[in-house]
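Okay, so here's the structure we're looking at.
Values below: all heavy atoms of this structure, side chains included; hydrogens, waters and symmetry mates excluded. Ligands are counted one by one from 1 in listed order, and the atoms in each one are counted from 1 as well.
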Amino acid sequence: MDCIFCKIIDGEIPAVKVLDEELVIAFMDINPSSKGHMLVVPKRHAENIFEIPESDLAATIKAVKICAKAVKEVLNAEGITVLQLNGKASDQIVPHFHIHIIPRWENDGLPVSTWEMKKGDMKEIQEIARKVKEYIPSGS
Ligand code: 5GP
Ligand code: ZN
């Protein structure tokens, strides 16, 4: 498979690793959105949140917490954005599940802070919520 993150995991291409566990690795992003931007990646290939097994997801989010705390301390970050994209429409570029850790500082001007917020249509919001609740299996 021609997956850039699988190649990093297999050691075929280099990466600046910060964590290497049984199920998960974390490495620095080569195009950092802010100082300290890193990616936490399950070793087993899964394209997105719909495909990743729960056990890998749990291990990945656990590693996110560890890495987020570490980079926050080391860089004195004032906040951390945790970001995860699924599908082209959400701007996912690399089709191997990963979670971004993006250290943040007040007024750093990153676009994730400036998403447009506009007043919603309460009827539509409630209708979507009703359908979603119906779809979610009971006991979840
Ligand atoms: P996404 O798929 O969530 O949009 O983002 C993919 C991320 O992977 C980008 O932030 C990009 O800079 C990073 N990336 C892409 N290729 C490589 C690579 O070969 N090495 C590293 N370290 N990061 C990469
Ligand atoms: Zn992969």
Side-chain angles (χ1 to χ4, degrees):
M1 198 192 313
D2 199 26
C3 170
I4 192 118
F5 287 177
C6 281
K7 286 183 179 157
I8 288 175
I9 290 156
D10 293 343
E12 283 173 43
I13 63 168
V16 181
K17 287 187 202 165
V18 295
L19 174 142
D20 191 346
E21 291 178 348
E22 189 191 345
L23 299 176
V24 183
I25 62 165
F27 52 85
M28 306 307 289
D29 195 303
I30 37 163
N31 309 299
S33 296
S34 75
K35 204 191 280 195
H37 183 172
M38 59 182 72
L39 304 169
V40 185
V41 184
K43 287 186 174 173
R44 195 182 347 213
H45 182 92
E47 189 164 328
N48 53 39
I49 196 155
F50 309 110
E51 291 185 1
I52 185 169
E54 266 70 4
S55 53
D56 287 353
L57 183 60
T60 305
I61 198 71
K62 212 170 151 197
V64 165
K65 182 167 180 177
I66 292 164
C67 293
K69 192 167 179 235
V71 74
K72 185 174 187 298
E73 290 299 318
V74 167
L75 295 180
N76 241 330
E78 291 165 341
I80 300 280
T81 295
V82 173
L83 183 71
Q84 196 274 312
L85 309 174
N86 300 281
K88 271 195 193 140
S90 79
D91 295 328
Q92 182 180 12
I93 298 166
V94 176
H96 179 133
F97 182 94
H98 54 278
I99 299 180
H100 295 257
I101 295 177
I102 305 170
R104 304 297 306 275
W105 289 267
E106 299 271 341
N107 304 316
D108 60 19
L110 280 189
V112 278
S113 314
T114 52
W115 276 335
E116 191 189 357
M117 280 199 272
K118 43 181 195 253
K119 187 133 187 69
D121 172 347
M122 239 11 245
K123 257 197 162 153
E124 187 187 48
I125 291 169
Q126 282 169 347
E127 183 59 8
I128 293 167
R130 188 186 63 73
K131 287 183 184 163
V132 169
K133 281 199 290 193
E134 254 176 40
Y135 188 88
I136 294 172
S138 56
S140 295

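For H98, the ring pair (Phe, Tyr, Trp, His ring centres under 6.0 Å) criterion is met by F5, H100, not counting sequence neighbours. The salt bridge (charged side-chain N to carboxylate O under 4.0 Å, His left out) check on D29 picks up nothing, with sequence neighbours excluded.
Note that CD1 of I9 and CG of D20 are 9.5 Å apart. Values are rounded to the nearest 0.5 Å.
Protein residues are said to neighbour a ligand when one of their heavy atoms lies under 4.0 Å from it; for ligand 1 these are I4, F5, I8, F27, M28, D29, I30, N31, L39, L85, D91, Q92, I93, V94, H98, H100.
Within the 4.5 Å cutoff, the side chain of T81 has no heavy atoms near those of the L110 side chain. A heavy-atom distance below 4.5 Å is found between the side chains of I102 and H37. Considering only heavy atoms from C-beta on, I136 comes within 4.5 Å of V132 through its side chain.
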Go through it in stages, so that I can follow the logic: the residues are H96 and I4, the test is side-chain contact (heavy atoms from CB on, under 4.5 Å), and I'd like the CA-CA distance, side-chain angles, deciding distance and then a yes or no.
CA-CA 8 Å; H96 179 133; I4 192 118; over 6 Å; no

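The set of protein atoms (N, O or S) found at less than 2.8 Å from the Zn ion (ligand 2) reads C3 SG, C6 SG, H45 ND1, H96 ND1, by chain and number.
In summary, E127 and R130 engage in a salt bridge, as defined by a charged side-chain N under 4.0 Å from a carboxylate O.
Proximity of a side-chain donor or acceptor of S34 to a complementary backbone N or O of P103 within less than 3.5 Å is detected.
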